[in-house]
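Source: prediction; values computed, not measured.
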Amino acid sequence: MSPVGAALWRSLRAHQVYGANTDVGKTIVSTVLCNAIQRQKSQDQAAFLKPVSTGPLDDADDRHIQRHAAGTLTKCLYQFDDPVSPHIAAQQKKFTIPRDDDIIASVHKTLSCWAGSGVSFALVETAGGVHSPGPNGNSQADLYRPLRLPIVLVADSRLGGISSSISAYESLLLRGYDVHSVLLFRDEYYKNHEYLLNYFQKKSIPLVPLPAPPPRPPVQDIDSLARDEEAMATYYGRIAQGTDIAGLLEQLTAKNAERIDRLESMASRAHSTIWYPFTQHHGMDAKDITPIDSAYDDYFQAFVKMDKSNSESKLRATFDGSASWWTQGLGHGNPSLALSAAYAAGRYGHVMFPGNIHEPALSLAESLIESIGNPRLRKVFYTDNGSTGMEVAVKMGLRAACDRYGWDASKEQISILGLKGSYHGDTIGVMDCSEPSTYNKKVEWYRGRGYWFDFPQVKMSKGVWKIEMPENLKEPLGSDLEFSSLNAVFDVEGRVRSGAGKRYREYIRSTIHDLVRQHGMKFGSLIMEPIILGAGGMLFCDPLFQRCLADVVRDHPELFEPNAANPAEDRTPGAGTSWSGLPVIFDEVFTGLYRLGRRSSASFLQVDSDIVVNAKLLTGGLVPLCTTMASNEIFEAFSSPNKSDALLHGHSYTAHAVGCQVAVDSLQTMIRMESSGSWDGYRQDWGETLSNLEVWSVWSHGLVSDLSHAQSVDGVFAIGTVLSISLKDMHGGGYTSTAARGLQQRLSTSDGKFNVHSRVLGNVLYLMSSVTSQPEALRSIEGLLREALL
């Protein structure tokens, strides 16, 4: 099912009624508000929607509205006869339980119809309290979150009601809801309304106390029911005359208009104040900026100006196809991660880290060391993002090499080995670890300190998996290769002794030999992004080439220092914990932690690095945090009696507790998903059996194959959550190519119910999901791609 946008109309003020508890009077409050609308001279039309109702039909909330708020449109979507919680009532029904997505879609469709038929005010009333479960057992606060309707909270006037009301408010706030008003009944004994009035006034949320309704008669016979109906009618009339509900409605109307006005002005205000990253502002207009009202799951709720009809919501679901610059792992607005962040913020705020330890930082470090699968890595250094984490990694690697080989970096240039198209961040140090490119060559301090190998690239073209050799290296590396499957490409152990493996190793060895012996270069580290070089253009490196590069560096230390010992020829790459040749640094900021379907992308190469950097998915996409993990041997290179020999690098928010706690829970969640078989359906799509499957993607194998035959497509691949489509460009590819912009535009202006936000890297358009993306949503996006390219 296609996602729906959050619900927002200028013509329709729609609110959701939540209760601080069950039996707090939500329907009475709804009736009061609908009555007030119907009494207004403007002849506004009110409507009441009960998505899920339980209990006898005669007692249903929409029936109560019909009796006491005459003229109000009413509707109930799912009615269950048993007077129990919806998740129990739904199980006792024989028909299929409605999915949460179905409920959301039905609510949105109903509100859209009302918006287009002249309804000006609508209430969507929940069942029970804020966290009462829906038909599928999920909390209502989460079930209805995609709509993000502004909230009318009915507080609890009974004993304990202050606590339950504040707890309900905080639960809604934690999930990104806006509470626009609070109502509750007066109780002159407990006086909850007095306390809560002061509490919510401090938060600029209006609270209206209402007279308590007449008690229901204990005996439910015809006469008592009639008297109850009469008493309630009198009650509603008294409230209409003696309570300023009209004033509250005016405030709700104003808040709705203010929200839309803010969204309408955001683009122009941003255009005048914001300096965007990776953006050429010359020629940029305000219309090129998309205001995002909220985000949930895999989707932004983006503001769009629509003049088609009143039934068009001003918010449109937009698939976050760049995973918000590759950070999204567990979906936007994930309530579990939000709760983790709130817990750590409440427990610690931020505390000084050097010389101290707190539980989240220790738990995360121990969890990474235990779960990452690399026996070399024993120490964890914290920074705040991938670029600074790589700065630390470079400092570690260069120091270890200089310490071992007796080099003095203050007197001679120590360089790095890497791959063409590498990108390790925008801080000055790691910029120098990449070849000259669009990203760095105009930066005044850039020097480029290294040598970067060109390499064979993997893609599917015309239904065949191919490894294409660089044109200028076909003599040493051999002809292009073809494979029957992606698994065959990743059979590194099987390929390492092949002819291609031998040619790769000899080319790498001879190149390094010439650089050192003939050009006098000294290298302090090998730095690679395993498998995919992200910012360089989603370059899919032949995993065998990266494996051979690590093997040569480790097996031939004499290349870097003539007096270095030469390990035995049959030494197993990655075995042991001592580094040989050069420290191997893996930049897994993008590719690590399940982005490519595995906990570590290094596992594809079967190489244990000496240093690895993780960020982005580390916290599931919620807050910045980075870890640089290193071996004990790297750590010891900084150990001396002198403070100046220490790794003098840090940040004020090093190992901030909020980020560490979120990372602990994010990592545990992804590990549970892996062990519980959450991705088995995707695995089966990419292989015959689960037992021997090595490589898979959330993007369907059929899509990749079909797109590879498209006339405009040069090559395509998918692995893990990443889909990359390289478009043909008669002028050549590269970062400045415009070949992919047409496809990007088509996806962003889809005529369907949702759009796709995407980023392009020259002639490459890529899409990325979170690890929690649902197959139905991904197949919908695949449908858009098929329409655009096939």
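For Asp293 and Arg259, the salt-bridge test passes: some basic side-chain N is under 4.0 Å from an acidic carboxylate O. A salt bridge between Asp142 and Arg175 is present, with a side-chain N of the basic residue lying under 4.0 Å from a carboxylate O of the acidic one.
Using modelled atom types, one finds a donor on one side chain and an acceptor on the other under 3.5 Å when comparing Gln79 with Ser53. In this structure, a donor-acceptor pair under 3.5 Å is absent between the side chains of Asn192 and Ser157. Using modelled atom types, one finds no donor on one side chain facing an acceptor on the other under 3.5 Å when comparing Asp62 with Thr74.
Remark: the backbone N or O of Ser294 is not paired with any side-chain donor or acceptor of Gln301 at under 3.5 angstrom. Not one N or O on the side chain of Tyr190 forms a donor-acceptor pair closer than 3.5 Å with the backbone of Ile162. A donor-acceptor pair is defined here as one N or O able to donate and one able to accept, closer than 3.5 Å; such a pair exists between the side chain of Tyr235 and the backbone of Pro211. Panel note: side chain Ser340, backbone Ser336; a donor-acceptor pair is recorded below 3.5 Å. No side-chain donor-acceptor contact under 3.5 Å links Lys50 to the backbone of Leu77. In this structure, Tyr177 contributes its side chain and Leu149 its backbone to no donor-acceptor pair below 3.5 Å.
For the pair Tyr653/Pro624, no side-chain contact is recorded, criterion being any heavy-atom separation below 4.5 Å from C-beta on. Side-chain contact between Arg148 and Tyr296: absent, with no pair of heavy atoms (C-beta onward) separated by less than 4.5 Å. Side-chain contact check for Val52 versus Pro135: some heavy-atom pair is nearer than 4.5 Å. Between Phe121 and Leu33, some side-chain heavy-atom pair lies under the 4.5 Å cut-off.
Open room surrounds CD on Glu230; 12 or fewer heavy atoms of other groups in view lie less than 6.0 Å from it. Other residues, nucleotides and ligands contribute at most 12 non-hydrogen atoms within 6.0 Å of the NZ atom of Lys75. Open room surrounds NZ on Lys109; 12 or fewer heavy atoms of other groups in view lie less than 6.0 Å from it.
Between Phe319 and Tyr299, the ring planes lie perpendicular to each other; the angle is over 60°, past the 30° to 60° tilted range.
Here the closest heavy-atom approach between residue Gly134 and residue Pro86 is recorded as C-CB, 3.9 Å.
In this structure, the ring of Tyr348 has its center no less than 6.0 angstrom from the ring center of His656. Between His757 and Trp325, the distance from one ring center to the other does not fall under 6.0 angstrom.
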Under 3.5 Å donor-acceptor pairs involving side-chain atoms of residues 195-206, not counting sequence neighbours:
none

